[in-house]
Amino acid sequence: DMTQEALFKRIGFLLKGSVETLIRTDTELKRFANNLSLTLDNLNTKVSTSQFSEAHAECLSKTTRSCTALTSEITFSHSKRLNQGYLTFGLLSRRWPIRRNMNMQKSMEIAYIGLIPVKTQFTLTLNGVPKGESLNEKHRLYLETALETFLRHTLLEYRSLEILQVVTGNVTEQVRSVDINITVTGTIKPSRYVDISHVVDDAMKSQSSLFLEELINYRDLSLSIEDGEYFAGIQQISAMNVKAVVPAASQTPSQGKVWA
């Protein structure tokens, strides 16, 4: 048996060591550390108070032993070029290796009952883009930021779902239209499942006119108004082939930018 203080200290020690080991050994996280100055700054562990009854019930379902639901908050420092949503999705996708490393200590059984990373992909078609002008990196960032803002506001009713990042991938350009592969990542609470593919598909199809209006009129202090002129003449937006993507244990979005 451990005192609460000793338990917190032990869990914190194991979690910190496991994450730091992953940063040193995982190919992508190691690259973040070397090229984007990723380091673990601080870790704080406490008894879970938010949704405690749900967390405790989930905890009990994983073991026959006595159970304490804990919340650990990890603070990282890194270059501004590393997108926070990308990093969050990447770490959550590696939750099983992190837990496995912690469970190498046989004095206690550790189960993960936290947020689950989810991802969906679809093709966005824009009709009415400028003739002869290609979608460049500034246009991509403008579209990603506008779509991320739109989805976060539109999907507020799904409190279990949080949108982390929108990433543009392959582009197929025609005379006055463009097809863009879009990846949307997020997190859900395990006790309140939300099908990210279904809700994103519904939002893009039922409120395409609203998104078109918001895209044309989108303003962000970090973006140039000129970058949005590419979208000013768009007459129609459509989304198709929305599909869920189940991330592997060490998978992050395969296309698009790691950094903002």
Side-chain angles (χ1 to χ4, degrees), residues 7-8 10-33 36 38-48 50-51 54-76 78 82-121 160-165 167 183-197 243-255 258:
L7 176 63
F8 291 174
R10 184 61 176 165
I11 292 295
F13 174 80
L14 292 174
L15 180 56
K16 183 174 185 293
S18 181
V19 173
E20 288 180 335
T21 297
L22 204 62
I23 292 176
R24 290 194 304 269
T25 58
D26 181 270
T27 302
E28 187 171 46
L29 295 182
K30 185 177 181 180
R31 179 164 57 88
F32 291 170
L36 298 172
L38 175 65
T39 57
L40 192 158
D41 276 353
N42 188 42
L43 190 148
N44 181 41
T45 299
K46 58 186 178 181
V47 173
S48 179
S50 177
Q51 303 293 336
E54 292 181 7
H56 191 253
E58 183 73 14
C59 179
L60 290 174
S61 71
K62 303 292 184 181
T63 181
T64 57
R65 302 164 66 179
S66 60
C67 182
T68 302
L70 302 175
T71 297
S72 291
E73 297 176 353
I74 308 176
T75 304
F76 295 90
H78 53 78
L82 179 57
N83 182 281
Q84 181 177 338
Y86 192 97
L87 176 60
T88 300
F89 185 86
L91 288 169
L92 290 177
S93 296
R94 292 164 171 83
R95 62 198 183 279
W96 303 127
I98 292 174
R99 191 200 70 167
R100 184 172 60 247
N101 290 340
M102 295 176 67
N103 269 331
M104 292 177 67
Q105 303 292 327
K106 300 300 183 180
S107 58
M108 65 182 74
E109 179 185 354
I110 298 172
Y112 179 83
I113 58 173
L115 298 175
I116 298 173
V118 290
K119 179 167 71 170
T120 188
Q121 295 174 335
S160 174
L161 173 66
E162 179 183 358
I163 299 297
L164 290 177
Q165 187 186 22
V167 177
T183 299
V184 181
T185 62
T187 62
I188 59 171
K189 297 176 181 178
S191 58
R192 298 183 180 181
Y193 178 76
V194 173
D195 186 336
I196 187 173
S197 296
K243 61 179 180 179
V245 179
V246 180
S250 61
Q251 182 183 12
T252 45
S254 57
Q255 296 183 352
V258 173

Which value, rounded to the nearest 0.5 Å, describes the distance between D195 atom CG and T120 atom OG1? 8.0 Å
From the list T71, L70, L7, side chain to side chain contact (heavy atoms under 4.5 Å, CB included) partner of T45 resolves to L70
Got a second to check how far H78's NE2 is from Q84's CD, nearest 0.5 Å? 6.0 Å
F76 and F32: side chain to side chain contact (heavy atoms under 4.5 Å, CB included), yes or no, with the steps? CA-CA 12 Å; F76 295 90; F32 291 170; over 6 Å; no
Closest heavy-atom contact between F89 and P117? CE1-CB, 3.6 Å
Please report the shortest heavy-atom distance between R24 and K30, naming the atom on each side. O-CD, 3.4 Å
Paired with T75, the side chain to side chain contact (heavy atoms under 4.5 Å, CB included) test is passed by just one of N42, L40, L43, namely N42
In Å and rounded to the nearest 0.5 Å, what is the CG to CD distance from L87 to Q165? 10.5 Å
Would a distance-only check, ignoring hydrogens and angles, find a side-chain to backbone donor-acceptor pair under 3.5 Å from S18 to L14? no
Closest approach of G114 to P190 (non-hydrogen atoms, all atoms of both residues): O-CD, 3.2 Å
How far does OG1 of T21 sit from NZ of K16, to the nearest 0.5 angstrom? 10.0 Å
Is it the case that the side chain of S160 and the backbone of I188 share a donor-acceptor pair, with hydrogens and angles ignored and the cut-off at 3.5 Å? no
Can you list the steps and then say if L91 with L29 is a side chain to side chain contact (heavy atoms under 4.5 Å, CB included)? CA-CA 9 Å; L91 288 169; L29 295 182; 4.1 Å; yes
Keeping R94 on the side-chain end and G90 on the backbone end, is there a donor-acceptor pair under 3.5 Å? yes
CD/Q121 to OG1/T185 distance, rounded to the nearest 0.5 angstrom? 10.5 Å
State, to 0.1 Å, how close L92 and T187 come at their nearest heavy-atom pair, and which atoms those are. CD1-CG2, 3.4 Å
Determine whether L161 and V118 satisfy the following criterion, side chain to side chain contact (heavy atoms under 4.5 Å, CB included), listing intermediate values before the conclusion. CA-CA 9 Å; L161 173 66; V118 290; 4.3 Å; yes
Smallest heavy-atom separation, D26 atom then E28 atom, equals OD1-N, 3.1 Å
Is a side-chain donor or acceptor of R99 paired with a backbone partner of W96 at a separation under 3.5 angstrom? no
If I take atom CG from residue L38 and atom CD1 from residue I23, how far apart are they, to the nearest 0.5 angstrom? 4.5 Å
Can you name the nearest heavy-atom pair linking I74 to V19, along with the distance? CD1-CG2, 4.2 Å
